[in-house]
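Keep in mind that the numbers below use all heavy atoms, side chains included, and drop hydrogens, waters and symmetry copies. Since the model is a prediction, treat every value here as computed from it, not as a measurement.
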Amino acid sequence: MAIDSKVQDAINKQINHEMTAAYNYLAMVVYFEQINLAGFAFWMRKQHEEELEHASKLFQYLLDRGGKIELDTIPKPSSDFGSVAEVFETALKMEQANTASINEVYALAKQVNDYATLSHLQWFLDEQVEEEKTMDETLGLVRFAGDDKSALLTLNNQMAKRPDEGDAAG
Ligand code: FEO
């Protein structure tokens with residue numbers, strides 16, 4: 001069954017959101033590299049790669065449904081952060097906005113009884129719960145560390161151990 005054009009547009013928009021998130025996380029890598037927090041930079045690089053995978057999943061799905069792909073402009077991200085906490089505040093807000101965006105695509109697919117899209121989006125809904133939780137928890141730890149540089153360095157070492165998505169320890 002041909003994909004509804006409104007659902008197609010919404011998925012195209014979502015591909016752009018995921019690519020925008022990927023680019024913003026890459027800008028966060030730049031920030032962490034600048035302040036020599038290599039563990040945080042490594043963690044954010046993984047996050048960047050995950051977002052590219054999310055975009056790729058949606059891209060492939062739309063192709064599989066015979067939809068038309070329309071790639072849009074990715075806005076310029078900022079690497080200009082005042083603190084580590086500010087990075088994670090921004091990341092948490094981005095993930096919350098992304099959840100809202102996926103919910104919109106879901107609602108649209110529901111309106112037109114597009115069960116295949118609903119099924120595909122289920123993975124993204126579950127993933128968003130994880131992503132919001134991770135950003136929220138990390139923000140909590142960074143705030144807890146506060147101005148304590150040695151606590152921040154301990155955290156930096158932990159961040160360097162982030163496994164790939166899907167690994168048992170992940
Ligand atoms: Fe692709 Fe962070 O959600």
Side-chain angles (χ1 to χ4, degrees), residues 10-61 71-106 119-170:
I11 293 174
N12 271 309
K13 217 171 113 196
Q14 190 58 36
I15 292 170
N16 186 266
H17 275 161
E18 303 289 350
M19 292 300 288
T20 300
Y23 217 33
N24 274 282
Y25 286 128
L26 196 59
M28 292 173 184
V29 174
V30 173
Y31 171 74
F32 287 127
E33 288 289 350
Q34 276 167 353
I35 59 171
N36 297 311
L37 287 176
F40 279 97
F42 175 83
W43 193 95
M44 272 302 172
R45 182 73 73 104
K46 294 256 175 176
Q47 187 63 29
H48 160 72
E49 285 164 6
E50 278 199 7
E51 298 302 348
L52 291 179
E53 276 174 34
H54 298 171
S56 179
K57 265 185 208 276
L58 290 165
F59 182 90
Q60 189 58 47
Y61 175 72
L71 298 177
D72 207 346
T73 313
I74 300 170
K76 184 177 176 178
S78 172
S79 296
D80 194 16
F81 297 100
S83 65
V84 176
E86 197 183 309
V87 174
F88 284 95
E89 280 157 13
T90 305
L92 178 59
K93 275 191 210 134
M94 266 171 42
E95 291 304 334
Q96 286 165 340
N98 201 37
T99 301
S101 173
I102 289 166
N103 285 348
E104 275 176 36
V105 189
Y106 194 93
S119 168
H120 190 73
L121 289 177
Q122 193 61 52
W123 182 91
F124 284 85
L125 292 176
D126 295 342
E127 176 72 5
Q128 282 311 116
V129 173
E130 273 306 306
E131 299 232 313
E132 282 194 39
K133 177 178 158 230
T134 306
M135 293 307 172
D136 194 44
E137 281 178 358
T138 310
L139 177 59
L141 287 172
V142 168
R143 280 188 178 147
F144 186 76
D147 293 332
D148 181 345
K149 288 224 166 72
S150 68
L152 206 56
L153 284 177
T154 304
L155 210 47
N156 183 57
N157 289 340
Q158 277 175 16
M159 297 299 268
K161 292 180 191 141
R162 176 174 177 162
D164 286 325
E165 191 175 20
D167 283 5

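Checked by atom type, the side-chain pair His54/Glu51 shows a donor-acceptor distance below 3.5 Å. Looking at Gln34 and Ser79, their side chains never bring a donor and an acceptor atom within 3.5 Å of each other.
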Apply side chain to side chain contact (heavy atoms under 4.5 Å, CB included) to Met159 and Phe32, showing your working. CA-CA 12 Å; Met159 297 299 268; Phe32 287 127; over 6 Å; no
Taking it one step at a time, do Asn98 and Ile102 satisfy side chain to side chain contact (heavy atoms under 4.5 Å, CB included)? CA-CA 6 Å; Asn98 201 37; Ile102 289 166; 4.0 Å; yes
For a side chain to side chain contact (heavy atoms under 4.5 Å, CB included) check, start with the C-alpha distance between Leu58 and Asn12, then their side-chain angles and the critical distance, and finish with the verdict. CA-CA 8 Å; Leu58 290 165; Asn12 271 309; over 6 Å; no
Residue pair Glu127, Glu53: steps toward the side chain to side chain contact (heavy atoms under 4.5 Å, CB included) verdict: CA-CA 12 Å; Glu127 176 72 5; Glu53 276 174 34; over 6 Å; no
Before you tell me yes or no, could you show the steps for Gln14 and Glu18 under side-chain hydrogen bond (donor to acceptor under 3.5 Å, both in side chains), namely the whole-Å CA-CA distance, both residues' side-chain angles and the distance that decides it to 0.1 Å? CA-CA 6 Å; Gln14 190 58 36; Glu18 303 289 350; 2.9 Å; yes
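Other residues, nucleotides and ligands contribute only 12 or fewer heavy atoms inside 6.0 Å of the CG atom of Asp80. The number of heavy-atom neighbours closer than 6.0 Å to NZ of Lys46, taken from other residues, nucleotides and ligands shown, is above 12.
Distance check, rounded to the nearest 0.5 Å: CG of Leu155 to CG of Leu37 gives 9.5 Å. Here the CD atom belonging to Glu104 is positioned 12.0 Å from the CG atom belonging to Leu121, to the nearest 0.5 angstrom. Rounding to the nearest 0.5 angstrom, the gap separating the CZ atom in Phe124 from the OH atom in Tyr61 is 10.5 Å.
Between Tyr106 and Gln122 the shortest side-chain heavy-atom distance falls below 4.5 Å. At a threshold of 4.5 Å between non-hydrogen side-chain atoms, the residues Glu131 and Glu50 count as touching. Residues Tyr31 and Met44 form no side-chain contact, since every pair of their non-hydrogen atoms from C-beta on lies 4.5 Å or further apart. Considering only heavy atoms from C-beta on, Leu125 stays 4.5 Å or farther from Val129 through its side chain.
For the pair Ser101 (side chain) and Ala97 (backbone), a donor-acceptor distance under 3.5 Å is absent. Without hydrogens or angle criteria, Thr90 side chain to Glu86 main chain gives a donor-acceptor distance under 3.5 Å. When atom types are taken as modelled, the side chain of Asn24 and the backbone of Pro77 share no donor-acceptor pair closer than 3.5 angstrom. When atom types are taken as modelled, the side chain of Gln128 and the backbone of Glu95 share a donor-acceptor pair closer than 3.5 angstrom.
The pair Arg143-Glu89 meets the salt-bridge criterion, since a charged nitrogen lies less than 4.0 angstrom from a carboxylate oxygen.
A ring pair (Phe, Tyr, Trp, His ring centres under 6.0 Å) with Phe88 is found for exactly one of Tyr25, Phe144, Trp43, Phe81, namely Trp43.
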